[in-house]
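All chains are named by letter (A, B, ...) in the order of the sequence lines, taking the proteins before the strands, and each is independently numbered beginning at 1.
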Amino acid sequence: MAIQRDEVRRIAGLARLEIREEELDRIAAELSSVLDYAGALKRLDLAGCEPLSFAPPAAALRADEPDGRCLTAEQALAMAPEAEGGFFLVPPVIEGQDP
Amino acid sequence: MAHEAVIGLECHIQLRTRGKMFCGCPAEFGAPPDTNVCPVCLGLPGALPRANRAAVEAALRLGLALGCAIREESVFARKHYFYPDSPKNYQITQYDRPLCAGGSLPVGEAGGERRYDLERLHLEEDTGKSSHPVRAGDRAFSLVDFNRAGVPLLELVTQPVFREPAECAAFLAALRRLVRWLGVSDGDMEKGQLRCDANVSLRPAGAAALGVKTELKNLNSIRGVERGLAAEIARQRLLLEGGGVVGQATLSYDVEHDRLAVMRSKEDAHDYRYFPEPDLPVLRVVGAVLEAARAGLPELPWTRAARLVGRYGLSAHDASVLCEQRELADYYEACAAVADERLAANWVMTEVLRVLHERAGSIGEFAARVPAVRLGGLVARVAAKEIPGPLAKQVFGWMLDEEGGVDELLARHGVRAMGAATDLRPLVLEVLGEHAAAVAQVLAGSSRTLDFLVGQVMKKSRGQAAPQVVRELLETEFARRAAGESPPRAPRGGP
(Lines give C-alpha, C1' and ligand atoms only; values in the text may rest on other atoms or scores of the structure.)
Protein backbone atom coordinates (compact mmCIF):
# COMPACT_ATOMS: atom_id res chain seq x y z
CA MET A 1 0.00 0.00 0.00
CA ALA A 2 1.65 3.20 -1.17
CA ILE A 3 1.58 6.29 1.02
CA GLN A 4 1.65 9.57 -0.90
CA ARG A 5 3.62 12.70 -0.03
CA ASP A 6 0.40 14.58 0.83
CA GLU A 7 -0.57 11.92 3.34
CA VAL A 8 2.82 12.19 4.99
CA ARG A 9 2.33 15.96 5.30
CA ARG A 10 -1.13 15.49 6.81
CA ILE A 11 -0.03 12.82 9.29
CA ALA A 12 2.98 14.93 10.27
CA GLY A 13 0.64 17.87 10.83
CA LEU A 14 -1.65 15.82 13.06
CA ALA A 15 1.33 14.54 15.03
CA ARG A 16 2.85 18.03 15.25
CA LEU A 17 6.03 16.82 13.52
CA GLU A 18 8.10 19.11 11.36
CA ILE A 19 9.14 17.25 8.19
CA ARG A 20 11.46 18.80 5.64
CA GLU A 21 10.44 18.70 1.98
CA GLU A 22 13.41 16.46 1.03
CA GLU A 23 12.40 13.89 3.69
CA LEU A 24 8.92 13.32 2.29
CA ASP A 25 9.77 10.65 -0.28
CA ARG A 26 11.88 8.61 2.12
CA ILE A 27 9.23 8.71 4.87
CA ALA A 28 6.46 7.89 2.39
CA ALA A 29 8.41 4.80 1.33
CA GLU A 30 9.12 3.74 4.92
CA LEU A 31 5.51 4.14 6.02
CA SER A 32 4.40 2.19 2.95
CA SER A 33 6.65 -0.71 3.88
CA VAL A 34 5.36 -0.68 7.48
CA LEU A 35 1.81 -0.93 6.19
CA ASP A 36 2.78 -3.65 3.73
CA TYR A 37 4.27 -5.65 6.58
CA ALA A 38 1.07 -5.32 8.61
CA GLY A 39 -0.84 -6.16 5.44
CA ALA A 40 0.83 -9.58 5.40
CA LEU A 41 -1.33 -10.50 8.40
CA LYS A 42 -4.43 -9.90 6.33
CA ARG A 43 -3.42 -12.75 4.03
CA LEU A 44 -3.46 -15.26 6.87
CA ASP A 45 -6.43 -17.58 7.13
CA LEU A 46 -7.68 -16.92 10.66
CA ALA A 47 -11.03 -18.64 10.40
CA GLY A 48 -11.69 -20.47 13.66
CA CYS A 49 -9.13 -18.49 15.69
CA GLU A 50 -10.42 -16.93 18.91
CA PRO A 51 -9.57 -13.21 19.20
CA LEU A 52 -6.66 -12.56 21.56
CA SER A 53 -7.89 -12.03 25.10
CA PHE A 54 -6.34 -8.91 26.58
CA ALA A 55 -7.47 -9.60 30.12
CA PRO A 56 -4.98 -11.52 32.23
CA PRO A 57 -6.21 -11.87 35.83
CA ALA A 58 -3.51 -9.49 37.08
CA ALA A 59 -5.12 -6.68 35.12
CA ALA A 60 -8.23 -6.61 37.29
CA LEU A 61 -9.71 -3.30 38.29
CA ARG A 62 -7.85 -1.27 40.90
CA ALA A 63 -9.38 -0.51 44.29
CA ASP A 64 -10.43 3.11 44.76
CA GLU A 65 -7.62 3.91 47.19
CA PRO A 66 -5.05 6.66 46.73
CA ASP A 67 -1.73 4.77 46.57
CA GLY A 68 0.56 7.51 47.82
CA ARG A 69 2.74 7.34 44.73
CA CYS A 70 2.33 10.94 43.66
CA LEU A 71 5.32 12.93 42.53
CA THR A 72 6.10 16.15 44.32
CA ALA A 73 5.44 19.35 42.40
CA GLU A 74 9.23 19.80 42.15
CA GLN A 75 9.67 16.36 40.58
CA ALA A 76 6.80 16.93 38.17
CA LEU A 77 7.89 20.40 37.16
CA ALA A 78 11.54 19.41 36.74
CA MET A 79 10.43 17.82 33.44
CA ALA A 80 8.73 20.99 32.19
CA PRO A 81 10.50 23.34 29.77
CA GLU A 82 9.16 26.18 31.93
CA ALA A 83 7.29 26.41 35.21
CA GLU A 84 5.98 29.11 37.49
CA GLY A 85 4.43 29.07 40.96
CA GLY A 86 3.84 25.30 40.92
CA PHE A 87 2.22 25.40 37.45
CA PHE A 88 3.44 24.20 34.08
CA LEU A 89 3.95 27.21 31.85
CA VAL A 90 2.64 26.69 28.30
CA PRO A 91 1.96 28.76 25.17
CA PRO A 92 -1.24 30.81 25.58
CA VAL A 93 -4.44 28.85 25.24
CA ILE A 94 -6.11 30.70 22.38
CA GLU A 95 -9.40 32.43 22.99
CA GLY A 96 -12.24 32.75 20.51
CA GLN A 97 -13.10 35.32 17.85
CA ASP A 98 -16.43 36.76 16.77
CA PRO A 99 -18.55 34.28 14.78
CA MET B 1 -39.62 30.44 6.27
CA ALA B 2 -39.97 29.42 9.90
CA HIS B 3 -37.08 27.41 11.32
CA GLU B 4 -36.97 25.03 14.23
CA ALA B 5 -33.91 24.23 16.30
CA VAL B 6 -32.60 20.70 16.86
CA ILE B 7 -30.35 20.30 19.88
CA GLY B 8 -28.31 17.41 21.27
CA LEU B 9 -26.30 17.54 24.47
CA GLU B 10 -22.98 16.07 25.55
CA CYS B 11 -22.63 16.11 29.32
CA HIS B 12 -19.52 15.38 31.32
CA ILE B 13 -20.04 14.12 34.84
CA GLN B 14 -17.09 14.14 37.22
CA LEU B 15 -17.33 11.05 39.39
CA ARG B 16 -17.02 11.25 43.16
CA THR B 17 -14.22 8.74 43.67
CA ARG B 18 -11.25 8.96 46.01
CA GLY B 19 -8.66 8.16 43.37
CA LYS B 20 -8.23 8.98 39.70
CA MET B 21 -9.55 6.90 36.78
CA PHE B 22 -6.35 5.03 35.90
CA CYS B 23 -3.91 5.70 38.75
CA GLY B 24 -3.80 6.01 42.52
CA CYS B 25 -3.49 9.81 42.72
CA PRO B 26 -6.17 11.48 44.88
CA ALA B 27 -9.04 12.88 42.81
CA GLU B 28 -9.66 15.63 45.38
CA PHE B 29 -10.22 19.27 44.47
CA GLY B 30 -8.22 22.14 45.91
CA ALA B 31 -4.74 20.64 46.47
CA PRO B 32 -1.72 22.83 45.63
CA PRO B 33 -1.09 22.75 41.83
CA ASP B 34 0.64 19.73 40.32
CA THR B 35 0.87 17.76 43.57
CA ASN B 36 -1.74 15.06 42.75
CA VAL B 37 0.19 13.81 39.73
CA CYS B 38 2.18 10.69 38.95
CA PRO B 39 3.84 9.02 35.94
CA VAL B 40 0.49 7.50 34.85
CA CYS B 41 -1.62 10.65 34.75
CA LEU B 42 1.27 12.72 33.38
CA GLY B 43 1.74 10.14 30.62
CA LEU B 44 5.40 9.49 31.34
CA PRO B 45 7.06 6.67 29.40
CA GLY B 46 6.54 3.18 30.79
CA ALA B 47 3.60 4.04 33.04
CA LEU B 48 0.69 1.61 32.98
CA PRO B 49 -2.92 2.65 33.60
CA ARG B 50 -5.42 0.46 35.50
CA ALA B 51 -9.11 1.26 35.67
CA ASN B 52 -10.68 2.31 38.98
CA ARG B 53 -13.33 -0.15 40.18
CA ALA B 54 -15.42 2.54 41.90
CA ALA B 55 -15.61 4.55 38.67
CA VAL B 56 -16.80 1.49 36.75
CA GLU B 57 -19.42 0.79 39.42
CA ALA B 58 -20.61 4.40 39.33
CA ALA B 59 -20.93 4.21 35.54
CA LEU B 60 -22.97 1.02 35.87
CA ARG B 61 -25.25 2.61 38.47
CA LEU B 62 -26.00 5.58 36.25
CA GLY B 63 -26.30 3.38 33.14
CA LEU B 64 -28.76 1.05 34.85
CA ALA B 65 -30.78 3.96 36.27
CA LEU B 66 -31.09 5.39 32.76
CA GLY B 67 -32.13 2.04 31.32
CA CYS B 68 -29.07 1.79 29.07
CA ALA B 69 -27.93 -1.46 27.49
CA ILE B 70 -24.75 -2.47 29.34
CA ARG B 71 -21.98 -3.87 27.17
CA GLU B 72 -20.33 -6.87 28.76
CA GLU B 73 -17.06 -6.14 27.01
CA SER B 74 -16.31 -2.50 26.41
CA VAL B 75 -13.06 -1.07 25.15
CA PHE B 76 -10.96 1.92 26.13
CA ALA B 77 -9.54 3.95 23.25
CA ARG B 78 -7.03 6.73 22.77
CA LYS B 79 -8.37 9.99 21.40
CA HIS B 80 -5.47 12.07 20.12
CA TYR B 81 -5.27 15.81 20.19
CA PHE B 82 -2.75 18.43 21.16
CA TYR B 83 -3.79 20.88 23.79
CA PRO B 84 -1.79 22.19 26.73
CA ASP B 85 -4.17 20.72 29.30
CA SER B 86 -3.70 17.18 27.93
CA PRO B 87 -0.42 15.83 29.30
CA LYS B 88 -0.32 12.65 27.20
CA ASN B 89 -1.43 14.24 23.91
CA TYR B 90 -4.28 11.76 24.00
CA GLN B 91 -7.22 11.13 26.27
CA ILE B 92 -8.23 7.64 27.36
CA THR B 93 -11.91 7.36 26.54
CA GLN B 94 -14.29 4.87 24.92
CA TYR B 95 -15.11 5.01 21.25
CA ASP B 96 -16.84 2.33 19.21
CA ARG B 97 -17.59 0.00 22.12
CA PRO B 98 -18.80 2.20 25.01
CA LEU B 99 -19.90 0.71 28.35
CA CYS B 100 -23.52 1.86 28.02
CA ALA B 101 -25.72 2.54 25.00
CA GLY B 102 -29.26 3.83 24.55
CA GLY B 103 -31.51 4.53 27.52
CA SER B 104 -33.42 7.66 28.40
CA LEU B 105 -33.87 10.20 31.17
CA PRO B 106 -37.39 11.10 32.35
CA VAL B 107 -37.85 14.85 32.94
CA GLY B 108 -40.82 16.55 34.58
CA GLU B 109 -43.30 16.06 37.40
CA ALA B 110 -44.56 12.68 38.54
CA GLY B 111 -46.93 11.14 36.02
CA GLY B 112 -46.17 13.79 33.37
CA GLU B 113 -42.55 12.97 32.60
CA ARG B 114 -41.15 13.16 29.13
CA ARG B 115 -38.34 10.73 28.34
CA TYR B 116 -35.36 12.08 26.41
CA ASP B 117 -33.49 9.37 24.53
CA LEU B 118 -29.78 8.90 24.95
CA GLU B 119 -27.12 7.78 22.52
CA ARG B 120 -24.48 6.49 24.90
CA LEU B 121 -22.72 6.77 28.24
CA HIS B 122 -19.02 6.02 28.55
CA LEU B 123 -16.05 6.29 30.89
CA GLU B 124 -13.10 8.56 30.28
CA GLU B 125 -10.57 10.75 32.06
CA ASP B 126 -10.57 14.48 32.69
CA THR B 127 -7.94 16.93 31.45
CA GLY B 128 -5.79 19.31 33.47
CA LYS B 129 -6.87 22.88 34.06
CA SER B 130 -5.31 25.80 32.19
CA SER B 131 -5.53 29.40 33.25
CA HIS B 132 -6.60 32.24 30.98
CA PRO B 133 -3.59 33.62 29.11
CA VAL B 134 -1.32 35.70 31.31
CA ARG B 135 0.75 38.50 29.85
CA ALA B 136 4.26 39.30 31.07
CA GLY B 137 6.05 41.96 29.04
CA ASP B 138 5.69 40.99 25.38
CA ARG B 139 5.10 37.31 26.21
CA ALA B 140 1.77 35.62 26.73
CA PHE B 141 1.36 32.19 28.29
CA SER B 142 -1.06 30.01 30.23
CA LEU B 143 -0.47 28.14 33.47
CA VAL B 144 -1.46 24.49 33.73
CA ASP B 145 -2.32 22.42 36.80
CA PHE B 146 -2.52 18.67 36.13
CA ASN B 147 -4.20 17.72 39.42
CA ARG B 148 -7.47 17.24 37.53
CA ALA B 149 -5.86 15.25 34.71
CA GLY B 150 -7.06 11.66 34.99
CA VAL B 151 -10.01 12.31 37.30
CA PRO B 152 -12.84 9.94 36.25
CA LEU B 153 -15.53 11.34 33.99
CA LEU B 154 -18.67 9.92 32.48
CA GLU B 155 -19.65 11.30 29.10
CA LEU B 156 -23.37 11.16 28.39
CA VAL B 157 -24.53 11.89 24.84
CA THR B 158 -28.20 12.48 24.06
CA GLN B 159 -29.95 11.95 20.77
CA PRO B 160 -30.82 15.23 19.00
CA VAL B 161 -34.13 15.30 20.88
CA PHE B 162 -34.43 18.87 22.13
CA ARG B 163 -36.20 21.72 20.34
CA GLU B 164 -36.03 24.44 22.97
CA PRO B 165 -33.24 25.73 25.23
CA ALA B 166 -35.61 25.46 28.21
CA GLU B 167 -35.95 21.70 27.61
CA CYS B 168 -32.17 21.39 27.79
CA ALA B 169 -32.12 23.31 31.07
CA ALA B 170 -34.79 21.00 32.53
CA PHE B 171 -32.89 17.94 31.29
CA LEU B 172 -29.68 19.11 32.96
CA ALA B 173 -31.48 19.81 36.23
CA ALA B 174 -32.94 16.28 36.09
CA LEU B 175 -29.54 14.78 35.30
CA ARG B 176 -27.95 16.71 38.16
CA ARG B 177 -30.63 15.42 40.51
CA LEU B 178 -30.06 11.85 39.33
CA VAL B 179 -26.26 11.83 39.67
CA ARG B 180 -26.61 13.23 43.20
CA TRP B 181 -29.42 10.80 44.00
CA LEU B 182 -27.20 7.88 42.98
CA GLY B 183 -24.17 9.33 44.78
CA VAL B 184 -22.04 9.14 41.64
CA SER B 185 -21.21 12.85 41.50
CA ASP B 186 -21.77 16.09 43.40
CA GLY B 187 -23.00 17.51 40.09
CA ASP B 188 -22.04 21.12 40.85
CA MET B 189 -21.82 22.91 37.50
CA GLU B 190 -20.04 25.94 38.96
CA LYS B 191 -17.27 23.63 40.14
CA GLY B 192 -17.08 21.83 36.80
CA GLN B 193 -18.43 18.55 38.22
CA LEU B 194 -21.15 18.65 35.60
CA ARG B 195 -20.32 20.25 32.25
CA CYS B 196 -22.31 20.53 29.08
CA ASP B 197 -21.59 20.99 25.38
CA ALA B 198 -24.50 21.45 22.99
CA ASN B 199 -24.85 20.71 19.28
CA VAL B 200 -27.41 22.93 17.63
CA SER B 201 -28.71 23.28 14.10
CA LEU B 202 -31.76 24.86 12.48
CA ARG B 203 -33.96 23.41 9.77
CA PRO B 204 -37.19 24.47 8.09
CA ALA B 205 -39.99 23.59 10.52
CA GLY B 206 -41.18 20.05 9.86
CA ALA B 207 -38.20 19.05 7.67
CA ALA B 208 -36.64 15.65 8.34
CA ALA B 209 -33.01 16.38 7.41
CA LEU B 210 -30.78 18.19 9.88
CA GLY B 211 -29.12 21.50 9.05
CA VAL B 212 -25.46 22.41 9.54
CA LYS B 213 -24.67 22.29 13.23
CA THR B 214 -22.43 24.27 15.49
CA GLU B 215 -21.11 23.11 18.83
CA LEU B 216 -21.33 25.27 21.95
CA LYS B 217 -18.58 24.29 24.38
CA ASN B 218 -17.99 24.58 28.10
CA LEU B 219 -21.38 25.79 29.23
CA ASN B 220 -20.83 25.86 32.97
CA SER B 221 -24.24 26.65 34.41
CA ILE B 222 -27.80 25.69 33.60
CA ARG B 223 -28.55 29.33 32.90
CA GLY B 224 -25.49 29.45 30.63
CA VAL B 225 -26.81 26.48 28.64
CA GLU B 226 -30.22 28.05 28.21
CA ARG B 227 -28.99 31.51 27.32
CA GLY B 228 -26.08 30.33 25.16
CA LEU B 229 -28.42 28.16 23.11
CA ALA B 230 -30.92 31.01 22.76
CA ALA B 231 -28.14 33.29 21.51
CA GLU B 232 -26.82 30.71 19.03
CA ILE B 233 -30.30 29.86 17.74
CA ALA B 234 -30.98 33.58 17.23
CA ARG B 235 -27.66 33.94 15.37
CA GLN B 236 -28.32 30.99 13.07
CA ARG B 237 -31.92 32.10 12.45
CA LEU B 238 -30.76 35.59 11.46
CA LEU B 239 -28.20 34.08 9.07
CA LEU B 240 -30.62 31.62 7.46
CA GLU B 241 -33.50 34.07 7.18
CA GLY B 242 -31.16 36.58 5.55
CA GLY B 243 -30.37 33.95 2.91
CA GLY B 244 -26.98 33.06 4.38
CA VAL B 245 -25.54 29.72 5.43
CA VAL B 246 -24.33 28.47 8.80
CA GLY B 247 -20.67 27.45 8.89
CA GLN B 248 -19.73 24.40 10.93
CA ALA B 249 -17.86 25.68 13.98
CA THR B 250 -17.13 25.23 17.65
CA LEU B 251 -18.20 28.20 19.74
CA SER B 252 -17.82 29.33 23.30
CA TYR B 253 -20.40 31.38 25.15
CA ASP B 254 -19.71 34.07 27.71
CA VAL B 255 -22.84 34.20 29.85
CA GLU B 256 -21.82 37.39 31.63
CA HIS B 257 -21.58 39.41 28.43
CA ASP B 258 -24.08 37.28 26.42
CA ARG B 259 -21.41 36.88 23.75
CA LEU B 260 -20.57 33.98 21.41
CA ALA B 261 -17.03 33.43 20.14
CA VAL B 262 -15.57 31.02 17.58
CA MET B 263 -13.06 28.57 19.05
CA ARG B 264 -12.40 26.72 15.81
CA SER B 265 -14.01 26.46 12.41
CA LYS B 266 -14.41 23.47 10.15
CA GLU B 267 -11.07 23.96 8.42
CA ASP B 268 -9.19 22.86 11.51
CA ALA B 269 -11.73 20.33 12.71
CA HIS B 270 -9.98 17.54 14.57
CA ASP B 271 -9.00 14.13 13.35
CA TYR B 272 -8.71 12.29 16.63
CA ARG B 273 -7.08 9.12 15.25
CA TYR B 274 -8.86 6.86 17.72
CA PHE B 275 -7.41 3.43 18.33
CA PRO B 276 -7.86 0.85 21.11
CA GLU B 277 -5.79 1.70 24.20
CA PRO B 278 -3.07 -0.97 24.10
CA ASP B 279 -2.21 -0.57 27.80
CA LEU B 280 -5.68 -1.47 29.08
CA PRO B 281 -7.51 -4.77 28.85
CA VAL B 282 -11.05 -5.07 27.59
CA LEU B 283 -13.37 -3.89 30.38
CA ARG B 284 -15.41 -6.94 31.32
CA VAL B 285 -18.60 -6.48 33.26
CA VAL B 286 -19.57 -9.99 34.19
CA GLY B 287 -22.97 -11.00 35.49
CA ALA B 288 -22.12 -10.84 39.18
CA VAL B 289 -20.76 -7.28 38.97
CA LEU B 290 -23.80 -6.18 37.02
CA GLU B 291 -26.18 -7.89 39.43
CA ALA B 292 -24.43 -6.24 42.38
CA ALA B 293 -24.81 -2.85 40.72
CA ARG B 294 -28.45 -3.54 39.99
CA ALA B 295 -29.09 -4.68 43.55
CA GLY B 296 -27.35 -1.60 44.95
CA LEU B 297 -29.52 0.78 42.95
CA PRO B 298 -31.83 2.90 45.15
CA GLU B 299 -35.46 3.55 44.26
CA LEU B 300 -35.15 6.08 41.43
CA PRO B 301 -36.46 9.64 41.85
CA TRP B 302 -39.28 9.36 39.31
CA THR B 303 -40.42 6.00 40.72
CA ARG B 304 -40.33 7.43 44.19
CA ALA B 305 -42.28 10.57 43.24
CA ALA B 306 -44.98 8.35 41.73
CA ARG B 307 -45.05 6.30 44.93
CA LEU B 308 -45.41 9.43 47.10
CA VAL B 309 -48.41 10.43 45.00
CA GLY B 310 -49.99 6.99 45.27
CA ARG B 311 -49.19 6.25 48.88
CA TYR B 312 -49.61 9.60 50.61
CA GLY B 313 -52.06 11.34 48.27
CA LEU B 314 -49.61 14.15 47.46
CA SER B 315 -49.95 16.24 44.32
CA ALA B 316 -47.52 15.48 41.49
CA HIS B 317 -45.92 18.85 42.09
CA ASP B 318 -45.40 18.29 45.82
CA ALA B 319 -44.05 14.79 45.25
CA SER B 320 -41.57 16.15 42.71
CA VAL B 321 -40.42 18.89 45.07
CA LEU B 322 -39.85 16.34 47.84
CA CYS B 323 -37.95 14.07 45.44
CA GLU B 324 -35.63 16.86 44.38
CA GLN B 325 -33.09 15.30 46.76
CA ARG B 326 -33.01 11.74 48.01
CA GLU B 327 -32.25 12.88 51.58
CA LEU B 328 -35.24 15.24 51.48
CA ALA B 329 -37.55 12.45 50.35
CA ASP B 330 -36.11 10.23 53.12
CA TYR B 331 -36.71 12.99 55.65
CA TYR B 332 -40.26 13.51 54.47
CA GLU B 333 -41.11 9.83 54.63
CA ALA B 334 -39.67 9.48 58.13
CA CYS B 335 -41.77 12.47 59.14
CA ALA B 336 -44.91 11.12 57.44
CA ALA B 337 -44.46 7.85 59.33
CA VAL B 338 -45.38 9.61 62.58
CA ALA B 339 -47.66 12.42 61.41
CA ASP B 340 -50.39 13.31 58.94
CA GLU B 341 -48.85 12.73 55.49
CA ARG B 342 -50.13 15.82 53.71
CA LEU B 343 -49.54 18.15 56.62
CA ALA B 344 -46.02 16.70 56.95
CA ALA B 345 -45.46 17.42 53.24
CA ASN B 346 -46.53 21.03 53.75
CA TRP B 347 -44.24 21.44 56.71
CA VAL B 348 -41.23 19.95 54.93
CA MET B 349 -41.83 21.97 51.77
CA THR B 350 -42.48 25.32 53.43
CA GLU B 351 -40.71 25.37 56.79
CA VAL B 352 -37.83 22.96 56.24
CA LEU B 353 -36.99 24.19 52.75
CA ARG B 354 -37.24 27.80 53.95
CA VAL B 355 -34.71 27.11 56.70
CA LEU B 356 -32.39 25.27 54.28
CA HIS B 357 -32.57 28.24 51.95
CA GLU B 358 -32.06 30.87 54.68
CA ARG B 359 -29.20 29.06 56.34
CA ALA B 360 -27.73 27.69 53.08
CA GLY B 361 -27.49 24.31 54.77
CA SER B 362 -27.95 20.74 53.60
CA ILE B 363 -30.86 18.53 54.56
CA GLY B 364 -28.31 16.28 56.30
CA GLU B 365 -27.18 19.11 58.57
CA PHE B 366 -30.78 20.07 59.20
CA ALA B 367 -31.78 16.49 60.06
CA ALA B 368 -28.92 16.33 62.55
CA ARG B 369 -30.50 19.27 64.42
CA VAL B 370 -34.15 18.42 63.88
CA PRO B 371 -34.53 14.69 63.21
CA ALA B 372 -37.59 13.77 61.17
CA VAL B 373 -39.35 12.12 64.15
CA ARG B 374 -38.92 15.32 66.13
CA LEU B 375 -40.56 17.44 63.43
CA GLY B 376 -43.08 14.62 62.90
CA GLY B 377 -43.99 14.83 66.62
CA LEU B 378 -44.77 18.51 66.25
CA VAL B 379 -46.76 18.01 63.04
CA ALA B 380 -48.74 15.23 64.70
CA ARG B 381 -49.74 17.62 67.50
CA VAL B 382 -50.80 20.21 64.92
CA ALA B 383 -52.80 17.59 63.06
CA ALA B 384 -54.50 16.57 66.32
CA LYS B 385 -55.38 20.26 66.79
CA GLU B 386 -53.54 20.32 70.08
CA ILE B 387 -51.21 23.06 68.95
CA PRO B 388 -52.32 25.94 66.74
CA GLY B 389 -50.34 26.60 63.54
CA PRO B 390 -48.78 29.93 64.54
CA LEU B 391 -47.57 28.51 67.84
CA ALA B 392 -46.26 25.40 66.08
CA LYS B 393 -44.14 27.61 63.84
CA GLN B 394 -42.73 29.23 66.92
CA VAL B 395 -41.96 25.81 68.42
CA PHE B 396 -40.29 24.84 65.13
CA GLY B 397 -38.09 27.94 65.41
CA TRP B 398 -37.02 26.87 68.91
CA MET B 399 -36.32 23.34 67.68
CA LEU B 400 -33.65 24.68 65.34
CA ASP B 401 -31.53 25.98 68.17
CA GLU B 402 -32.61 24.03 71.22
CA GLU B 403 -32.87 20.49 72.46
CA GLY B 404 -36.08 18.93 73.69
CA GLY B 405 -39.45 17.66 72.59
CA VAL B 406 -42.52 19.79 71.95
CA ASP B 407 -43.76 19.83 75.54
CA GLU B 408 -40.33 20.54 76.92
CA LEU B 409 -39.90 23.51 74.59
CA LEU B 410 -43.33 24.88 75.45
CA ALA B 411 -42.62 24.58 79.15
CA ARG B 412 -39.17 26.17 78.80
CA HIS B 413 -40.70 29.16 77.01
CA GLY B 414 -43.56 29.41 79.50
CA VAL B 415 -46.20 28.68 76.88
CA ARG B 416 -49.07 26.30 77.29
CA ALA B 417 -50.60 25.09 74.06
CA MET B 418 -54.34 25.42 74.18
CA GLY B 419 -55.43 23.15 71.48
CA ALA B 420 -57.60 20.77 73.43
CA ALA B 421 -61.24 21.70 73.70
CA THR B 422 -61.12 21.14 77.46
CA ASP B 423 -58.43 23.83 77.72
CA LEU B 424 -60.36 26.31 75.65
CA ARG B 425 -63.91 25.78 76.77
CA PRO B 426 -63.58 28.00 79.89
CA LEU B 427 -62.18 30.83 77.76
CA VAL B 428 -65.04 30.51 75.28
CA LEU B 429 -67.64 30.69 78.03
CA GLU B 430 -65.88 33.66 79.59
CA VAL B 431 -65.96 35.58 76.30
CA LEU B 432 -69.62 34.73 75.72
CA GLY B 433 -70.38 36.06 79.18
CA GLU B 434 -68.58 39.32 78.48
CA HIS B 435 -70.20 40.01 75.08
CA ALA B 436 -73.93 39.52 75.54
CA ALA B 437 -74.80 41.87 72.67
CA ALA B 438 -72.55 40.00 70.25
CA VAL B 439 -74.06 36.71 71.36
CA ALA B 440 -77.50 38.03 70.51
CA GLN B 441 -76.29 39.13 67.06
CA VAL B 442 -74.83 35.70 66.30
CA LEU B 443 -78.03 34.03 67.39
CA ALA B 444 -79.77 36.42 64.95
CA GLY B 445 -77.52 35.04 62.17
CA SER B 446 -74.47 37.36 61.95
CA SER B 447 -71.46 35.31 60.91
CA ARG B 448 -69.19 38.36 61.07
CA THR B 449 -69.93 38.68 64.74
CA LEU B 450 -68.93 35.04 65.17
CA ASP B 451 -65.54 35.98 63.67
CA PHE B 452 -65.32 38.76 66.21
CA LEU B 453 -65.93 36.32 69.06
CA VAL B 454 -63.28 33.93 67.70
CA GLY B 455 -60.87 36.87 67.76
CA GLN B 456 -61.78 37.67 71.35
CA VAL B 457 -61.07 34.10 72.48
CA MET B 458 -57.76 34.12 70.58
CA LYS B 459 -56.84 37.37 72.33
CA LYS B 460 -57.63 35.91 75.70
CA SER B 461 -55.46 32.87 74.93
CA ARG B 462 -52.62 35.23 73.96
CA GLY B 463 -52.47 33.61 70.53
CA GLN B 464 -52.01 30.12 71.87
CA ALA B 465 -55.42 28.77 70.92
CA ALA B 466 -56.14 26.97 67.67
CA PRO B 467 -58.64 29.20 65.84
CA GLN B 468 -60.37 26.23 64.24
CA VAL B 469 -61.00 24.61 67.62
CA VAL B 470 -62.27 27.91 69.02
CA ARG B 471 -64.65 28.30 66.12
CA GLU B 472 -65.94 24.76 66.54
CA LEU B 473 -66.46 25.30 70.27
CA LEU B 474 -68.33 28.54 69.64
CA GLU B 475 -70.50 26.93 66.99
CA THR B 476 -71.34 24.04 69.30
CA GLU B 477 -72.22 26.47 72.03
CA PHE B 478 -74.46 28.55 69.78
CA ALA B 479 -76.14 25.44 68.42
CA ARG B 480 -76.91 24.42 71.97
CA ARG B 481 -78.28 27.87 72.85
CA ALA B 482 -80.35 28.03 69.69
CA ALA B 483 -81.84 24.69 70.71
CA GLY B 484 -82.84 26.34 73.99
CA GLU B 485 -80.42 24.59 76.30
CA SER B 486 -79.06 26.61 79.17
CA PRO B 487 -75.36 27.38 79.15
CA PRO B 488 -73.18 25.63 81.63
CA ARG B 489 -71.72 28.01 84.15
CA ALA B 490 -68.34 29.44 83.49
CA PRO B 491 -65.92 28.07 86.04
CA ARG B 492 -64.43 30.62 88.37
CA GLY B 493 -60.85 31.68 88.03
CA GLY B 494 -60.35 30.84 84.37
CA PRO B 495 -57.40 28.86 83.08
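For chain A, the nearby part of B:S130 is the side chain; its heavy atoms alone come within less than 4.5 Å. Residue A:E82 touches chain B through its side chain alone, counting heavy-atom pairs closer than 4.5 Å. B:F146 touches chain A through its side chain: at least one heavy atom from C-beta onward sits under 4.5 Å away, while N, CA, C and O do not. When heavy atoms are compared at a cutoff of 4.5 Å, B:V56 approaches chain A solely by way of its side chain, counted from C-beta outward. Of the two parts of B:L283, only the side chain, counted from C-beta on, holds a non-hydrogen atom closer than 4.5 Å to a non-hydrogen atom of chain A. Neither the backbone nor the side chain of B:R135 comes within less than 4.5 Å of any heavy atom in chain A.
B:T214 and B:Q236 share a side-chain donor-acceptor pair at under 3.5 Å.
Heavy-atom pairs under 4.5 Å with chain A peak, among B:E57, B:E28, B:R139, at B:R139. With chain A as the partner, the residue from B:A51, B:C38, B:P84, B:G19 showing the most heavy-atom pairs under 4.5 Å is B:A51. Interface summary for chain A: among B:T35, B:V37, B:D145, B:N36, the most heavy-atom pairs under 4.5 angstrom belong to B:V37. Contact count versus chain A (heavy atoms, under 4.5 Å) is highest, among B:L143, B:N89, B:V134, for B:L143. Taking chain A as the reference chain and counting heavy-atom pairs below 4.5 Å, the highest number among B:R53, B:R273, B:R18 is found for B:R18.
Of the possible donor and acceptor atoms, one in the side chain of B:Q91 sits under 3.5 Å from a partner among the backbone N and O of B:E125. Between the B:E124 side chain and the B:L153 main chain, no donor and acceptor come within less than 3.5 Å of each other.
Figure legend: cation-pi geometry between B:R78 and B:F275 absent, as NZ or CZ is not positioned both under 6.0 Å from the six-membered ring centre and within 45° of its axis. Because its NZ or CZ atom is both nearer than 6.0 Å to the ring centre of B:Y272 and within 45° of the ring axis, B:K79 counts as a cation-pi partner of that residue.
Within a 6.0 Å sphere centred on CZ of A:R10, other residues, nucleotides and ligands contribute 12 heavy atoms or fewer.
In this structure, the side chains of A:C70 and B:P26 come closer than 4.5 Å at one or more pairs of heavy atoms.
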